Peer 1: 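Pasting in a structure now, in C-alpha cells, and then I'll have a few things to ask.
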Amino acid sequence: MKRFTKHDDEKEIKRQKLLREIEDRKLPYLTPKDVEFEELSKAKYSKLHLRQACCVPDDIHQAVQQGLTTLQDYKCFAQDLVQIKGKDVLTPVYRLLVGNPGHTYRYLNTRLFAIPWPTHGVEVKYSNDEIGNACQAIKDLNEYLHAEAVKILVDHYSAADEEIGFVEKATTSLSEDTESGKGVHNNQNININTVLKDRTSFNVALLNYMDPSRMKYLKEEPYFDMGKMAVSWHHDENLVERSTVAVYSYSCDDLGPALDESNKNSVEGRDPTLWHVGLKIAWDIETPGLALPLHPGDCYFMLDDLNMTHQHCVLSGMPSRYSSTHRVAECSTGTLDYIFGRCDVAMKNLQNDSVLGISSLISLEVEFVRQTEEIHNEVEFEWLRQFWFQGKRSAKQCDWWFGPMAELENAWKEMEQMTKLLLCEINKAEWSLEENKQIIRCLLPLLEERQELRKIWVARCQSRLANNLPIDEQPECHPHWHHGDATMPLPFDLEKIISLLRSQLGPEDGGERK
C-alpha cells in the first residue's frame, strides 16, 4: 500500500501557493456562451474534444442508458473507501469498474477489480441476463469510443502537423532498425497508426453514478467560483502515458429532483442546473479555465497529454448523472496474468517432496530470498487485502473474481510456508555468523513492512467509515487468523519473530531497539 508521499506533499504545497497567489479574488473562466470561448479552446484546450449527443448513434444511446440504469437498479454501484493524504475517505460518487477480464484499475491507494465484459473464450456467469446485457452495452460503447478516438486524433494531427512530432519520436528507433533505411516511410505510417491505436485501446471503463440529493458535502470550486464540485480538480491516475480518456455522460432529468428556478443564476458564468466538466492548465493562474456543459448523451475526449498538462473536475448539476469513463489503464502490474506470473517466479524456489510430504527451499541466495518475500507482500497487500477490503460487492454482478482470488490465496499460503522454512534455515548451526546476518538483513525489513501493513489494514477494516457501509460492502479483514491456528505456518502477528531477528543483529546493523 502506498503511503502519503513526498509527491503528495509537493502537490499540497503547490495548491496552497496557488490559493495564496489569488488571495480573495477569483480567476476567470469561460463557458460556450462567452464570445472568447472558441478562441481560448483552440489556443489552450485544443486536445479537449466534445462529441455532442446528436452525433452519437441512437442504438448506442439506448443500450448504454438502459444498461446504466439497470446497473443502478441492481445496486451495482458502490462508494469507494479510498485514501487521500493518508486518511480514509468515502467517495461521494458511486462507482463500478467494467473491463477486460482479469484487469484492475488503481486510484487513491485503492485497487478496483473489473467486472468482465463479455469476451470470447471467457466464461462469465452474470447474476442475471440484464446485468450481462448492461456489460455488453458498455463494451459496445467502448469499441465505438475507441474507433472515434482514433479518427479524432488523426484529424487533430492532420490539422496541426507540428504536434505529430510526439508520434514520430515514438517510431524513430523502430524506423532506424529497418535494413538500409528501406521502407522507413511506410514503417513510420504503420507505427504511427499502432501508437494511436494503443493509446486509444481502452481496457477498462470506470462507471460513475452521482446524485446531488445524496451528496451532502459537495465542495465549492476554490479557484474560479464555478460552484459545487462532485469531483475535485485532479489528473487521472494509473494511465498509459499520453493515452486518451473518453467519457460518455448521461444526466437523467426525469430521475432528478425538480429544478429550482430561483437558483438557476446563482453561480455567475455557468448554469448550475447543468452538469459541467471543468478544465484548467495545472498550476496556472494566468490562463482562464473552461466549464463545458454536458447534456445527456454527450461524449468528450481528453487527447494525448491533456491529462498530464491540465487538470479537470466535475461540476455538479441538479439531476442525477451517470458517466462511463473509458481509459487505457497502465496494467503492467495490474492484471491476473501478471500476478500469477509473479507467483510462479516465487514458487520456483520451493521444492515439494510428495513421497516424504516435506518442503524445502531450493536456494538461500539473498536475491532469491528478497524476490520471494517481495512477491509475498505484493500478493497479500496489493491483491488479497485490496479485494476483500471491498467486501463481497462484486458478487452482485458475478462471481468471476472469487475463483482467481482463491488460487492467489493458495499461492500466498505457500509463500507463508516458504518464510517459515527460511526462518528455520537461519537457526541452523552450520551457518556462519556473517551468512546468518546477511539473510536477516535481507528478510527483516520485509517482515517489518508486512507487520506494519497488517496493522494498517486491520485498523482500516475496523474504522467507523467501514462499519457504516452496507453489510455486503463492508471490508473483510482477510486473510486473518488467530494465534495457534494449526492451518497456518506462521502467526498473524509477527512481532516476536521480528524481535528475535533483531536480537541476532548487532548495533551496527540497527538490530537492537529498545
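Please read all numbers here as calculations on a predicted model, not as lab measurements. These numbers come from the heavy atoms of this one structure, side chains and all, not from hydrogens, waters or symmetry mates.
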Peer 1: Quick one: do the Gln83 and Thr110 side chains pair a donor with an acceptor below 3.5 Å?
Peer 2: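 Thr110 and Gln83 do not have a side-chain donor-acceptor pair below 3.5 Å.
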
Peer 1: Counting heavy atoms not belonging to Glu241, are there more than 12 under 6.0 Å from its CD?
Peer 2: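 No - once you tally the heavy atoms of other residues, nucleotides and ligands closer than 6.0 Å, there are 12 at most.
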
Peer 1: Which distance, rounded to the nearest 0.5 Å, do you find between the CH2 of Trp457 and the CD of Gln386?
Peer 2: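 It comes to 4.0 Å.
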
Peer 1: Between Glu330 and Arg106, does any side-chain N to carboxylate O distance fall below 4.0 Å?
Peer 2: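 Result for this pair is no, no salt bridge flagged.
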
Peer 1: Assess whether salt bridge (charged side-chain N to carboxylate O under 4.0 Å, His left out) is satisfied between Glu367 and Arg370, documenting all intermediate values.
Peer 2: CA-CA 5 Å; Glu367 286 308 311; Arg370 178 180 293 109; 2.7 Å; yes

Peer 1: Under 6.0 Å from the ring centre and within 45 degrees of the ring axis: does the NZ or CZ of Arg95 meet both conditions for the six-membered ring of Phe77?
Peer 2: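 Because its charged atom misses either the 6.0 Å distance or the 45° angle limit, Arg95 does not stack over Phe77.
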
Peer 1: Taking only Lys NZ, Arg NE, NH1 and NH2, and the carboxylate oxygens of Asp or Glu, determine whether Lys455 and Glu452 approach each other closer than 4.0 Å.
Peer 2: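 Answer for the salt bridge query: no.
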
Peer 1: Indicate whether any N or O donor in one side chain lies under 3.5 Å from an N or O acceptor in the other, for His103 and Thr335.
Peer 2: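 Thr335 and His103 do not have a side-chain donor-acceptor pair below 3.5 Å.
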
Peer 1: Could you walk me through whether Arg393 and Asp472 pass the salt bridge (charged side-chain N to carboxylate O under 4.0 Å, His left out) test, one step at a time?
Peer 2: CA-CA 6 Å; Arg393 71 189 201 188; Asp472 58 352; over 6 Å; no

Peer 1: What verdict does the side chain to side chain donor-acceptor pair (under 3.5 Å) test give for Tyr107 and Asp236, after you've listed the backbone C-alpha separation in whole Å, the side-chain angles of each residue and the deciding distance to 0.1 Å?
Peer 2: CA-CA 8 Å; Tyr107 82 111; Asp236 285 338; over 6 Å; no

Peer 1: Strictly below 4.0 Å, N to O, side chains only: are Glu476 and Lys392 in salt-bridge contact?
Peer 2: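 Between Lys392 and Glu476 there is a salt bridge, with a charged N closer than 4.0 Å to a carboxylate O.
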
Peer 1: Could you verify whether a donor N or O on one side chain and an acceptor N or O on the other, from Ser323 and Asn208, lie under 3.5 Å apart?
Peer 2: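 Judged by distance alone, the side chains do pair up.
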
Peer 1: The test is side-chain contact (heavy atoms from CB on, under 4.5 Å); show your working for Leu108 and Thr91 and say whether it passes.
Peer 2: CA-CA 10 Å; Leu108 298 177; Thr91 60; 5.5 Å; no

Peer 1: Taking it one step at a time, do Glu473 and Lys396 satisfy salt bridge (charged side-chain N to carboxylate O under 4.0 Å, His left out)?
Peer 2: CA-CA 10 Å; Glu473 296 174 17; Lys396 293 178 181 178; 3.0 Å; yes

Peer 1: Are side-chain heavy atoms of Val204 and Val98 found at a separation under 4.5 Å?
Peer 2: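 Answer no - side chains too far apart.
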
Peer 1: Answer yes or no: is there a donor N or O on one side and an acceptor on the other, between the side chain of His146 and the main chain of Phe202, under 3.5 Å?
Peer 2: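 Here the side-chain-to-backbone pair does not exist.
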
Peer 1: Is Glu374 atom CD crowded by more than 12 heavy atoms from other residues, nucleotides or ligands, each under 6.0 Å away?
Peer 2: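 Result for CD/Glu374: enclosed.
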
Peer 1: Give a yes or no on whether a salt bridge exists between Arg342 and Asp337, defined as a side-chain N under 4.0 angstrom from a carboxylate O.
Peer 2: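 Here Arg342 does not pair with Asp337 in a salt bridge, since their nearest N and O are not under 4.0 Å apart.
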
Peer 1: Does either side chain, that of Tyr94 or that of Arg214, offer a donor lying less than 3.5 Å from an acceptor on the other one?
Peer 2: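 Side chains of Tyr94 and Arg214: pair found under 3.5 Å.
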
Peer 1: Checking Thr325 side chain against Leu206 main chain: does a donor-acceptor pair fall under 3.5 Å?
Peer 2: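 Yes, Thr325 side chain to Leu206 backbone: donor-acceptor pair under 3.5 Å.
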
Peer 1: Does a side chain donor of either Asn352 or Ser359 reach within less than 3.5 Å of an acceptor in the other side chain?
Peer 2: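 Distance-only check passes for Asn352 and Ser359.
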
Peer 1: Identify whether NZ of Lys or CZ of Arg in Lys125 sits under 6.0 Å from the centre of the six-membered ring of Trp400 and within 45° of that ring's axis.
Peer 2: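 Output no; distance or angle outside limits.
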
Peer 1: Taking the six-membered ring for Trp and the full ring for Phe, Tyr or His, determine whether the centres of Phe402 and Phe387 are under 6.0 Å apart.
Peer 2: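 They qualify: ring centres under 6.0 Å apart.
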
Peer 1: Test your reading of the model: is there a side-chain donor-acceptor pair from Gln311 to the backbone of His235, 3.5 Å cut-off?
Peer 2: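 No, the answer is negative, given that no donor and acceptor are paired below the 3.5 Å cut-off.
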
Peer 1: If you count heavy atoms of other groups shown closer than 6.0 angstrom to CD of Glu123, is the number above 12?
Peer 2: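 No, CD of Glu123 has 12 or fewer neighbouring heavy atoms, counting only those of other groups under 6.0 Å.
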
Peer 1: Determine whether the side chains of Thr487 and Asp485 contain a donor N or O and an acceptor N or O closer than 3.5 Å.
Peer 2: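 Distance-only check passes for Thr487 and Asp485.
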
Peer 1: Please evaluate residues Tyr105 and Leu239 with respect to the criterion side-chain contact (heavy atoms from CB on, under 4.5 Å), reporting the C-alpha separation (whole Å), side-chain torsions for both, the decisive distance (0.1 Å), and the verdict.
Peer 2: CA-CA 9 Å; Tyr105 178 67; Leu239 304 179; 4.0 Å; yes

Peer 1: Return yes when atom NZ of Lys44 has more than 12 non-hydrogen atoms of other residues, nucleotides or ligands closer than 6.0 Å, and no otherwise.
Peer 2: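 No - once you tally the heavy atoms of other residues, nucleotides and ligands closer than 6.0 Å, there are 12 at most.
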
Peer 1: Indicate whether the side chain of Glu378 and that of Tyr338 have a donor and an acceptor atom separated by less than 3.5 Å.
Peer 2: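 Present: a donor and an acceptor within the cut-off.
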
Peer 1: Any ion pair linking Asp88 and Arg460 (charged N to carboxylate O, less than 4.0 Å)?
Peer 2: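 Answer for the salt bridge query: yes.
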
Peer 1: Run the side-chain contact (heavy atoms from CB on, under 4.5 Å) check on Asp304 and Tyr157 step by step: do they pass?
Peer 2: CA-CA 11 Å; Asp304 190 21; Tyr157 291 119; 3.1 Å; yes

Peer 1: Are Arg502 and Glu448 ion-paired here, with the side-chain N under 4.0 Å from a carboxylate O?
Peer 2: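 Salt bridge: yes.
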
Peer 1: What I want to check is whether the side chains of Asp198 and Ser201 have a donor and an acceptor closer together than 3.5 Å.
Peer 2: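 Checked: Asp198/Ser201 side chains show no N/O donor-acceptor pair below 3.5 Å.
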
Peer 1: Begin from the C-alpha positions of Glu434 and Arg441 and carry the test salt bridge (charged side-chain N to carboxylate O under 4.0 Å, His left out) through to its verdict.
Peer 2: CA-CA 10 Å; Glu434 183 51 41; Arg441 283 193 291 264; 2.7 Å; yes

Peer 1: Would you please indicate if the ring centroids of His480 and Phe492 are separated by under 6.0 Å?
Peer 2: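 Ring centres of Phe492 and His480 closer than 6.0 Å.
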
Peer 1: Would you call Lys228 and Glu220 a salt bridge, taking side-chain N to carboxylate O under 4.0 Å as the test?
Peer 2: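 Yes, Lys228 and Glu220 are salt-bridged.
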
Peer 1: Where the side chain of Asn467 meets the backbone of Ser463, is there a donor-acceptor pair that is under 3.5 Å apart?
Peer 2: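 Yes, the answer is positive, given that a donor and an acceptor are paired below the 3.5 Å cut-off.
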
Peer 1: Are Asn377 and Glu449 close enough, and set up right, to give a side chain to side chain donor-acceptor pair (under 3.5 Å), and what steps lead you there?
Peer 2: CA-CA 8 Å; Asn377 283 356; Glu449 180 185 36; 3.0 Å; yes

Peer 1: Checking side-chain contact (heavy atoms from CB on, under 4.5 Å) for the pair His310/Leu48: CA distance, chi angles, key distance, verdict?
Peer 2: CA-CA 10 Å; His310 294 59; Leu48 173 69; over 6 Å; no

Peer 1: State, without any angle test, whether Arg199 and Thr244 hold a side-chain donor-acceptor pair at a distance under 3.5 Å.
Peer 2: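 Side chains of Arg199 and Thr244: no pair found under 3.5 Å.
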
Peer 1: Do Ser324 and His326 have a side chain donor and acceptor closer than 3.5 Å?
Peer 2: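 Result is yes, a qualifying pair exists.
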
Peer 1: Going by heavy atoms in the side chains, are Leu465 and Asn468 under 4.5 Å from each other?
Peer 2: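 Not in contact.
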
Peer 1: Taking C-beta and beyond as the side chain, do Leu423 and Leu490 meet within less than 4.5 Å on heavy atoms?
Peer 2: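 Contact flag for Leu423/Leu490 side chains = yes.
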
